Amino acid sequence: GLGSEDEMRAIARRMKQDGHSNVLAFLPKGDWGVRMEKALRGAADKQGITLLETVQHDGDSNLNRIVADGFNITQSRRRANALMRLTGTTMRFEPRRRQDVDAIVLLASPENARRINPLFAFYYGGDLPVYGSSLLYRGSPDPARDSDLDGIRFTDIPWVLGAAPPERDALQSLFPALATNYDRLFALGFDSYRLTHQIQLLNEIQAYRYQGVTGTIRNSANGSFQRIPDWASFREGDPKPLPETEKRLPEAPNTTRQ
């Protein structure tokens, strides 16, 4: 499957491997965002990472205020204003963001992420690494618009990160009306078909891994497929593959069964 919960586990593992332990998450409002918060919190706990706070956003949000509140910039300004009222003086003041955060998780559509990501630097968080999911990326390079996503590390499937077989182009040519919205489902179908020829190996050889177009796949002891996706980061608006820090699959079973 291509469940977003898989990506939350991948994000938590990557942050752990990169040495982060205190995370602030910006998630979409609504049921999906609530589900991702639960998945991310559970995955972070297993990795020994503290999810300090989750901040909700949507397309109609005042994103400046949301990021400022999430970074405690608003509180910092209020404290300074209260101090000036108390002392009856005017002083030069530069707000300070919260100092307990060492990484950010951003789940947002490309349109919202292009607006939110620059605000992290504006509100003194330019030194914080940002992690995201495949939700950030439409599946084809758009450097002119995606330059505002520069620096974000995100997880996605090899099919859209440059490791797709020639069949991807063929499918997009055959079904141009479907390719934009269902491209990743084409990859799922591609792997599902190929896995039917790998079942015996996956069942009999515990160490066997299938290098699929949706990620590296293995069969766990209870008959569940486990998948780990690839990683990329935006540089000059273009997703570039990130070196693998670890390709070992986790032991916790996925929920997708044969």
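Predicted, not measured: the structure shown is a model, and the values here were computed from it.
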Shortest non-hydrogen contact from Gly212 to Pro158? O-CG, 3.7 Å

Backbone N/O of Val101 and side chain of Asn22: donor-acceptor pair under 3.5 Å: no

Using side-chain heavy atoms (C-beta onward) and a distance below 4.5 Å, is Glu37 in contact with Leu40? no

Measure the shortest side-chain to side-chain distance between Val105 and Leu24 over non-hydrogen atoms and say whether it is less than 4.5 angstrom. no

Do Ser21 and Asp102 come close enough that some side-chain heavy atom pair is under 4.5 Å? yes

Do Met8 and Ile11 touch side chain to side chain, with heavy atoms closer than 4.5 Å? yes

Return the orientation label for the Phe26 and Phe120 ring planes: parallel under 30°, perpendicular over 60°, tilted otherwise. tilted

Name the residue from Leu195, Thr216, Leu201 that meets the side chain to side chain contact (heavy atoms under 4.5 Å, CB included) definition with Tyr210. Leu195

With no hydrogens and no angle check, just 3.5 Å: does a side-chain donor-acceptor pair link Ser147 and Glu236? no

Mind checking the CG-CG spacing from Leu2 to Leu188? Nearest 0.5 Å is all I need. 4.5 Å

If you round to the nearest 0.5 Å, how far is CD of Gln56 from CD1 of Ile66? 9.0 Å

Short question: side chain of Glu5, backbone of Met36 - any donor-acceptor pair under 3.5 Å? no

Would you kindly confirm whether Leu178 and Val160 end up in one hydrophobic cluster when ILVMFWY residues are joined by side chain heavy atoms under 4.5 Å apart? yes

Does a salt bridge link Asp183 with Arg168, judged by any charged N lying under 4.0 Å from a carboxylate O? yes

Should the heavy atoms of other residues, nucleotides or ligands under 6.0 Å from OH of Tyr208 be counted, would the total exceed 12? yes

Would you please classify the geometry between the Phe154 ring and the Phe234 ring as parallel, tilted or perpendicular, with 30° and 60° separating the classes? parallel

Please test Arg114 against Asp146 for salt bridge (Lys or Arg N to Asp or Glu O under 4.0 Å), starting from the C-alpha separation and ending with a verdict. CA-CA 7 Å; Arg114 293 177 192 126; Asp146 286 343; 2.9 Å; yes

What I'd like to find out is whether the side chain of Pro110 reaches to under 4.5 Å of the side chain of Tyr137, using heavy atoms alone. no

Just wondering, are more than 12 heavy atoms of other shown residues or ligands nearer than 6.0 Å to CG in Asp31? no

What distance separates Arg194 CZ from Thr196 OG1, expressed to the nearest 0.5 Å? 10.5 Å

Looking only at heavy atoms, the pair that brings Pro118 and Asp148 closest together is CD-O, 3.9 Å

Are a donor atom and an acceptor atom from the side chains of Arg153 and Tyr131 found within less than 3.5 Å of each other? yes

Ser140 OG to Asp142 CG distance, which is reported to the nearest 0.5 Å: 7.0 Å

I'd like to know if the side chain of Asp230 reaches the main chain of Ile157, judged simply by a donor and an acceptor atom lying under 3.5 Å from each other, with no hydrogens or angles considered. no

So, His20 side chain and Ala103 main chain: donor-acceptor pair closer than 3.5 Å or not? no

Between Lys240 and Asp238, is there a salt bridge with N-O shorter than 4.0 Å? yes

Arg227 CZ to Thr214 OG1 distance, which is reported to the nearest 0.5 Å: 5.5 Å

For the residue pair Val55 and Gly70, what are the closest heavy atoms and their distance? CG2-CA, 4.0 Å

Got Asn72 and Arg97 here, is their nearest side-chain heavy-atom distance under 4.5 Å? no

Should Tyr182 and Phe175 be regarded as members of a common hydrophobic cluster, given that ILVMFWY residues are connected when their side-chain heavy atoms come within less than 4.5 Å of each other, either directly or indirectly? yes

So Asp45 and Arg41, salt bridge (Lys or Arg N to Asp or Glu O under 4.0 Å) or not? Walk me through it. CA-CA 6 Å; Asp45 286 345; Arg41 190 175 297 278; over 6 Å; no

Looking only at heavy atoms, the pair that brings Ala108 and Ile116 closest together is CB-CD1, 4.5 Å

I'd like to know if Asp6 and Arg9 make a salt bridge, using a cut-off of under 4.0 Å between side-chain N and carboxylate O. yes

Before you tell me yes or no, could you show the steps for Gln226 and Ile217 under side chain to side chain contact (heavy atoms under 4.5 Å, CB included), namely the whole-Å CA-CA distance, both residues' side-chain angles and the distance that decides it to 0.1 Å? CA-CA 6 Å; Gln226 294 177 271; Ile217 301 170; over 6 Å; no

Let me see the working for Phe122 and Ile73 under side chain to side chain contact (heavy atoms under 4.5 Å, CB included), right down to the final yes or no. CA-CA 11 Å; Phe122 181 79; Ile73 298 293; over 6 Å; no

Using a 3.5 Å distance criterion without hydrogens, assess whether the side chain of Arg209 forms a donor-acceptor pair with backbone atoms of Ala207. yes

Under a 3.5 Å threshold, yes or no: a donor from one side chain and an acceptor from the other, between Thr155 and Glu7? no

Got a donor-acceptor contact below 3.5 angstrom from the Asp191 side chain to the Val213 backbone? yes

Taking Ser133's backbone N and O only, do any of them form a donor-acceptor pair with Asp156's side chain (distance below 3.5 Å, no angle check)? no

Which pair of non-hydrogen atoms, one from Leu135 and one from Leu107, has the smallest distance, and what is that distance? CD2-C, 4.2 Å

Go through the steps for Asn117 and Val130 under the test side chain to side chain contact (heavy atoms under 4.5 Å, CB included), then give the verdict. CA-CA 8 Å; Asn117 190 50; Val130 182; 4.0 Å; yes

Test item: Asn64 and Tyr123 side chains (from C-beta on) under 4.5 Å apart, heavy atoms: yes

I'd like to know whether NZ of Lys29 has more than 12 heavy-atom contacts from other residues, nucleotides or ligands below 6.0 angstrom. yes

Answer yes or no: is there a side-chain heavy-atom contact under 4.5 Å between Gln47 and Arg13? yes

Can a cation-pi geometry be assigned to Arg184 and Trp159, taking NZ or CZ under 6.0 Å from the six-membered ring centre and within 45° of the ring axis? no

Would you say Gln200 has more than 12 foreign heavy atoms packed within less than 6.0 Å of its CD? no

Taking all non-hydrogen atoms of both residues into account, name the closest pair between Asn112 and His57 and its distance. ND2-ND1, 4.2 Å

Using the side chain to side chain contact (heavy atoms under 4.5 Å, CB included) rule, take Met15 and Asp18 through it: C-alpha gap first, then chi angles, then the decisive distance, then the call. CA-CA 5 Å; Met15 290 191 297; Asp18 290 347; 5.7 Å; no

